[in-house]
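Heads up: the structure comes next, in structure tokens.
Just so it is clear, the values below take in all heavy atoms, side chains as well, and ignore hydrogens, waters and symmetry mates. Proteins come first, then strands; the chains are lettered A, B, ... in the order of their sequence lines, and each starts at number 1. In this text the structure is predicted, and so the values were computed from the model without any measurement.
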Amino acid sequence: MIKIIFPDNSIREYNEAVSGYEIAKDISPRLAKEVLSITVNDEVRDLQRSVESGAKIKLHKWDDSEGKQAFWHSSAHLMAEALEALYPGIKLGIGPSIENGFYYDVDLPEGEVITDADFPKIESKMKELAQQKSEYMRSEISRQEALNFYTKKGDEYKVELINDLEDGTITLYKHGNFTDLCKGPHLPDTGYIKAIKILSVAGAYWRGDEKRKQLTRVYGITFPKQKMLEEYLVLLEEAKKRDHRKIGKELELFTFSQRVGQGLPMWLPKGAELRERLENFLKKIQKRYGYQQVISPHIGLKELWVTSGHYEKYGKDSFQPINTPADGEEFLLKPMNCPHHCEIYKHKPHSYKDLPVRYAEFGTVYRYEQSGELHGLTRVRGFTQDDAHIFCRPDQLKDEFKKVMDIVFIIFNALDFKNFTAQVSLRDPNDKVKYIGSDENWEKSEAAILEAVKEKDLNCVIEYGEAAFYGPKLDFMVKDALGRQWQLGTIQVDYNLPERFELEYTGADNQKHRPVMIHRAPFGSMERFVAVLIEHTAGKFPLWLTPDQVVVLPVSEKFNDYAEKVLNFLNNYDIRTLIDDRNEKVGKKIRDNEMKKIPYLLIVGEKEFDNETVSVRKQGDGDKGIMKLEEFAELINKEVKTQTESYKIN
RNA sequence: GCCGAUGUAGCUCAGUUGGUCAGAGCAGCUGAUUUGUAAUCAGCAGGUCGGGGGUUCGAAUCCCUCCAUCGGCUCCA
């Protein structure tokens, strides 16, 4: 008797061996059609495999990520089969499922390339193969058999993968004429794959190592229904409309110029205003949290970064030193602000009673990012960090760290960033030479972060080997419109720099002690933060933040004077107001200003002039009726106040 | 930096196989209109077709090269 346990603890019994597919079919034929994979005792498997007695199972459909993974992973195999057919002699690397679809890394025969023009060809080959409904068949072979198979085939990448596998047995999956080294699981057959789209092609280094050969990575996505593919493509188009590079141009927030240089953004008046408002917002919070603003120069002697250790690590890839007529003088455009802040700390002796000292600066820094990496405002060569360095006693570290976390939360709250991920980055315990500083200090810093995170009950992932070279950190990441993840806020613990700069304070024991430093930037960089903010809001910024809050639209030139009066009235309430007095019809003015994403439009004509009122229209929400001027001003101020209440510090 | 693609007026885009192919809409300017809740009409002006080199009688179109941008990879103090 075979006993199967379902997630709700209900039980089904069978007389003989039964597969996941058969179980689904027993429940309902419709479920059998939709189910894609099965979890058996925490292991995700193919539906065709027999389930052992007493197993806890869960069936996965499209809506489960396990179901999608099996679907896309099987699609990667299908694409590999098509590519093998289209490009004889092709060698295969790896082909996993990803968040949206799948890819396969392939080494094309000499002289062959895949370009966008080849996508339809690949798609139709895949469709043709899918329609054959070839079953995905799993088999286990020994390591030696697997090695022989791939050596004979000449697939050196698979040979390398097999050599690195720990297991004695290797699993292969075969469908049609295609066999791949693979753990699975897979769909029952290729017929499940109904809609296919090859999305892009790119170079990708074998095993992510830039010293090794670059393979061709083909990205694709598939669906069980054509309609789902169409919906996905519409979604992609919608996402592209939120692209900060596009909206930044449309709303005149920032620009780039070839003459100025790659990756060097220039903030236009509207963008500068927005950014300044964000900066002032943070300054206000920081003041309440005991920070002091400082200002430091944009360059400094190279020695500063030799001392900090950054020059050794990043010097050769950075902007080259600026030389002066005097012999041996070399300055660096500052790639970070910490050494300057260390020197500011050193301008006078500190007592333990003074600590923590918190120096904040919107410091513009320059880093020579690789040209292929530059991307709108999210990856640039000149950017402004909302930087601060906290110098504290070791016993204050954890509390200070938690206070910084609070600031990050205040900001994310105020701007409605709900879907962020938090990541604790620790050093790689197997590769300690990558990092500077003593084991003891590393252990202390890592413990402080982990405790702070735990006490704040922050849900986060822990990544080993992702720490900065001088210390561990907590990063906050947010996705852009196309699902790419960007690091925004960062909090880093550093015992190293105080040592290198010989920072001290006098303790209660009248002895010299070394402070601990926290580097932190809640926004991260103003450029990147604004980019992500644009994508999240699609350019419809919250009222408190948006450059222009209100535009007055006189219905004809006769009412320009009254519009002027409305403008002055609102300006007296600190409401950022414009007039659109172009010689256009009101419909045109509404359209244009809606597209500029201005939150409130005020239409004024004879009726309004007679009664000292305005006709209010809210962005995206149409006509809101007529209001007295005072009434409207109050409405605006109330809305701003509601949005900014989260500034309050507990 | 590497792989692939793209580059035509401020913006969005047309330009079939090299031969009046330098175009359109929006924005701009001028004029008419004096407008009531998402595009009033007309006229004008705008480009060495990313830069440079080459092939050709002739290049936006073909080739080379550089630059920039886009999608990835690697990197990200």
Residue-phosphate contact under 4.0 Å: A/R379 side-chain N/O, B/C75 OP1/OP2: no
May I ask you to verify if any side-chain N or O of A/K588 is less than 4.0 angstrom from the OP1 or OP2 atom of B/A27? yes
In terms of the nearest nucleotide of RNA chain B, which residue is placed more toward the 5' end: A/D209 or A/D592? A/D592
If you pin A/M336 and A/E594 to their nearest nucleotides in RNA chain B, which one's is more 5'? A/E594
Rounded distance in Å between the [atom1] positions of [N] and [M]:
| N | M | atom1 | answer |
| --- | --- | --- | --- |
| B/U65 | B/C44 | C1' | 40 Å |
| B/A22 | B/A14 | C1' | 11 Å |
| B/C57 | B/A45 | P | 37 Å |
| B/U48 | B/A39 | C1' | 35 Å |
| B/G36 | B/C41 | P | 15 Å |
| B/U8 | B/G51 | C1' | 15 Å |
| B/A68 | B/G31 | C1' | 41 Å |
| B/C11 | B/G52 | C1' | 27 Å |

Out of [options], whichever nucleotide has its closest atom nearest the side chain of [X]:
| X | options | result |
| --- | --- | --- |
| A/K585 | B/G4, B/A77, B/U40 | B/U40 |
| A/K607 | B/G36, B/A77, B/G71 | B/G36 |
| A/S318 | B/A77, B/U40, B/G72 | B/A77 |
| A/D116 | B/C73, B/G4, B/C76 | B/G4 |
| A/Q214 | B/C73, B/U34, B/G36 | B/C73 |
| A/E606 | B/U12, B/U34, B/G36 | B/G36 |
| A/V555 | B/A5, B/C73, B/G36 | B/G36 |
| A/V113 | B/U34, B/A38, B/G4 | B/G4 |
| A/Y205 | B/C2, B/A38, B/U34 | B/C2 |
| A/Q370 | B/C75, B/A77, B/G72 | B/C75 |

Mind checking [X] for me? I need base, sugar-phosphate or nothing, with any heavy atom below 4.0 Å counting as a touch.
| X | value |
| --- | --- |
| A/G372 | base |
| A/A202 | base |
| A/R617 | base |
| A/K596 | nothing |
| A/Y103 | nothing |
| A/G208 | sugar-phosphate |
| A/E584 | base |
| A/S308 | nothing |

Within the 4.0 Å limit for protein heavy atoms, which parts of nucleotides 65-70 of chain B are touched? Write it as a string from 5' to 3', B for base, S for sugar-phosphate only, - for none. --SSSS
Quickly work out the [X] [atom1] to [N] [atom2] distance and round it to whole Å.
| X | N | atom1 | atom2 | result |
| --- | --- | --- | --- | --- |
| A/E252 | B/G28 | CD | C1' | 13 Å |
| A/I114 | B/G4 | CD1 | P | 12 Å |
| A/L601 | B/U37 | CG | P | 14 Å |
| A/Y368 | B/G1 | OH | C1' | 9 Å |
| A/K249 | B/A27 | NZ | P | 18 Å |
| A/E369 | B/C2 | CD | P | 17 Å |
| A/M477 | B/C76 | CE | P | 14 Å |
| A/K624 | B/G36 | NZ | P | 23 Å |

What class does the angle between the rings of [X] and [Y] fall in, given that below 30° is parallel, 30 to 60° is tilted and above 60° is perpendicular?
| X | Y | value |
| --- | --- | --- |
| A/F254 | A/H244 | tilted |
| A/H519 | A/H389 | perpendicular |
| A/Y470 | A/H310 | perpendicular |

Determine which nucleotide pairs with [N], using a 3.5 Å limit on both distances of a Watson-Crick or G-U wobble pair.
| N | result |
| --- | --- |
| B/C75 | none |
| B/A42 | B/U30 |
| B/U6 | B/A68 |
| B/U56 | none |
| B/G25 | B/C11 |
| B/U17 | none |

Check this for me, if you would: do [X] and [Y] make a salt bridge, where the nitrogen-to-carboxylate-oxygen distance has to be below 4.0 angstrom?
| X | Y | answer |
| --- | --- | --- |
| A/E156 | A/K91 | yes |
| A/K479 | A/E99 | yes |
| A/D548 | A/K270 | yes |

Does B/G46 sit syn or anti, given that only angles within 90° of 0 count as syn? syn
Under the 6.0 Å and 45° cation-pi test, does [X] pair with [Y]?
| X | Y | value |
| --- | --- | --- |
| A/K302 | A/Y311 | yes |
| A/R212 | A/Y205 | no |
| A/R381 | A/Y368 | yes |

Would you please name every residue forming a ring-ring contact (aromatic ring centres under 6.0 Å, His included) with A/Y435, sequence neighbours left out? A/W442
What I want to check is whether an N or O donor and acceptor connect the side chain of A/E608 with the base of B/G36 at under 3.5 Å. yes
Show the numbers, then the answer: is there a ring-ring contact (aromatic ring centres under 6.0 Å, His included) between A/F383 and A/Y366? CA-CA 7 Å; A/F383 58 97; A/Y366 297 88; 8.3 Å; no
Criterion salt bridge (Lys or Arg N to Asp or Glu O under 4.0 Å) against A/D107, the qualifying member of A/R217, A/K213, A/K158: A/K213
